[in-house]
Amino acid sequence: MNRAIAPRVRNILADLLSVSEATITAESSPESLASWDSLQHLNFVLSVEQEFGVEFKPEEIESITSVRCMIETLENKLTNPSK
Amino acid sequence: VKSELTTRQQVEKHLSARSWIKERHALAELWRDQPNAATAAYVLDRMRLLREQVSFKSIRIAILRSFTVEPLVPLLRAAASVNGIDLIVHVGDFNNYAQEMLNPSSALYRFSAEIVFLATQTRDLFPELWVRYTDLSHSDVEGVIARAHRDIEKWVLTFRSHSDAHLILHSFELPDFPSQGLFDQHDEMGQIAAIQKINQGLARIAEQHRGVYLLDYDSVIARNGRARWHDERKWLTMRMPIAADQLIHLADEWLRFIYPLAGKACKVLVTDLDNTLWGGVIGEDGIEGIQLGMEYPGAAFQALQRVMLDFYRRGVLLAVCSKNNLSDAMQVLEKHPGMLLKPEHFAAFRINWMDKSHNLQEIAKELNIGLDAFAFLDDNPVERERIRTELPEVNVIDLPKDPMLYAGALRKIPAFERLSLTDEDRERGRYYAEQRGRVELEQSAVSLEEFYHSLRQEMDISTVTHGTLARVAQLTQKTNQFNLTTRRYTEQQIAAKAASLDWKVYSLRVRDRFGDNGIVGVAITHDGGEVCEIDTFLMSCRVIGRTVETAFLYFLMNQARARDRKQIQGWFLPTKKNIDLVEEFYPQHGFEKIDGQNGASLWSMKLPNADKPLPAWICLAFTETLLTQ
């Protein structure tokens, strides 16, 4: 897992959900955090896209079901920009 | 990322030190640097703590829409909050805008919004024009346009019969590439021409109905770059047509409407001189050496003056606050050929070596306008920071470093937006120049009575008309000091009162030998049984202290007597702003206190058998007309 991007992703989610950064772990998911609803999920995806200058495909957005998934999908995107 | 941490650390530091004003400024700075969703959530979270400590203006807004606006809402709320506005937002159900407007028991009307945005897109309302244009004949297109105007007018009419709220209509955007290609420009019923015709009709509807305004959505797109505005994939998957990084621009545009409607407009713009109105320092460079004219680099400063002149014409008062020798500065203001602004455009001058916060307080006193309606323009960040710290209620304008960018930065500030422009707004600057003459006369008169006689004051009182409605509503919205009840009314509410037999709405115009002050007073009364109650009694500060207020009150008493009322009464509802000026108003005129609670008091007087005579030096004329709905 890329150390540089993981904390940035967690910080974004902590801001959006108004919780401390320590609350957000790689395993955090909409199931484990009550305030992570569908609207916040949309905000999360849009914010990560903006922060890292990428665009997720609809299939990718559907597959992002936890912080870990988000980081892995993002890493994949950043290392293989053409995919 | 580093600077963000620094600003955030400052926010946290001010928060733990309970320095609320600094906290708010740090949050505003953070928002300026990084206006995105994550910052918005953070700002709103911190603002929640601030809300109990710093005063916020609370406004209820409803968004009716044909597309996903949810990610925009936190951005809008954050942008409003750093400007001291707390937004309570209702988002209408997806694509439910027409039903919400047409159904009197809809969630929209239950929410009782003060401002409603109707955000719809061309492709949602007119899919045939957007995607199937080449299938249509000219008469089909004409039919679409006619139906558009009919439908929208019906929504507006129905809306107005259920709500007094301000309604802001998005105009319809144009396609990036019209279906007919280049030829579309030559077709009078082309795709672009058809959408433009719909928009022209929308503008007519907005003009014909009170409190309805047009937001030129296509201009917002163009200003920020049509090629970058849309995100087709997000549109197809989540019905969000606007790219995430562009949402902030629509939020900012909405804020430009919310700002004046929330009563946050600035009345006075105080400007520095050296390196702000011209390039260079007059005391060192001399009148030949400063940069000001039509060529680079002086053109940047002339462009800034042009913006200020435009603001002056919409009723913003201008004032100078500069550290300079008075004669040096006045020489430029009076004689420099590149100056667009002349001495007569300024309502007040403070050109000296004193502290600027002291000078600003003096200008506020001279103009009788609260510092919270002041904006401060200065190229020097140190002066700006001092005003921010010492006079936190003043709107301090941040200028970019490059003077070429000054004009653009000033023009987009929402505090100078006006949604209606009355004759008084256009003439306001002149009224204040005339006021300087009155002050001189008062100082030279032997007695107060002699001064009153020499003023030759004429009062024109009239029941409200379509022509004065906007100004009357504006006075109830903006008058804080000489205002007995501070009840705020929209044009729609004033019109409803004027149409009722029990209510009277009076406007007061005052003229004297120095000129016409325009409409400067409003009184609203309500008859119930034998009692006439004064609901609203207010006057602009520029005419009080010359017995006009007494004559206006006596006029109301005589009117009530003419309608066979036996008694007149009125509340005094104290606020921080009105208490010094009007607390004694009713007792001074012989009213007696008959009720009171929580500082508010009700004053009453038995109406005499004969008319109350007006002060001998005042000439009064009254016109009564019926306002038809």
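Numbers restart at 1 for each chain; the letters A, B, ... are given by sequence-line order, proteins then strands.
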Under 3.5 Å, is there a donor-acceptor pair between the A/Asn76 and A/Asn80 side chains?
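Indeed, the side chains of A/Asn76 and A/Asn80 share at least one donor-acceptor pair under 3.5 Å.
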Does any donor atom in the side chain of B/Gln121 or B/Asp124 lie under 3.5 Å from an acceptor atom in the other side chain?
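Yes - a donor-acceptor pair under 3.5 Å links their side chains.
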Where the side chain of B/Asn96 meets the backbone of B/Gly92, is there a donor-acceptor pair that is under 3.5 Å apart?
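No, because the side chain of B/Asn96 does not come within donor-acceptor range (under 3.5 Å) of the backbone of B/Gly92.
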With chain A as the partner, which of B/Met240, B/Arg233, B/Glu70, B/Lys234 has the greatest number of non-hydrogen pairs under 4.5 Å?
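Looking at each of B/Met240, B/Arg233, B/Glu70, B/Lys234 in turn, B/Arg233 comes out on top.
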Taking the six-membered ring of B/Phe94, is NZ or CZ of B/Arg239 closer than 6.0 Å to its centre and within 45° of its axis?
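No, B/Arg239 does not sit over the ring of B/Phe94.
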Counting only heavy atoms closer than 4.5 Å, note whether [X] contacts chain B via side chain, backbone, both or neither.
{"X": "A/Leu16", "answer": "both"}
{"X": "A/Gln40", "answer": "neither"}
{"X": "A/Ile61", "answer": "side chain"}

I'd like to verify something: which residue of A/Leu13, A/Ile12, A/Leu42, A/Asn11 has the highest number of heavy-atom pairs under 4.5 Å with chain B?
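Of A/Leu13, A/Ile12, A/Leu42, A/Asn11, A/Leu42 has the most heavy-atom pairs under 4.5 Å with chain B.
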Would you call the rings of B/Phe67 and B/His170 parallel, tilted or perpendicular, where under 30° means parallel and over 60° means perpendicular?
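Taking B/His170 first and then B/Phe67, their aromatic rings sit tilted (interplane angle of 30° to 60°).
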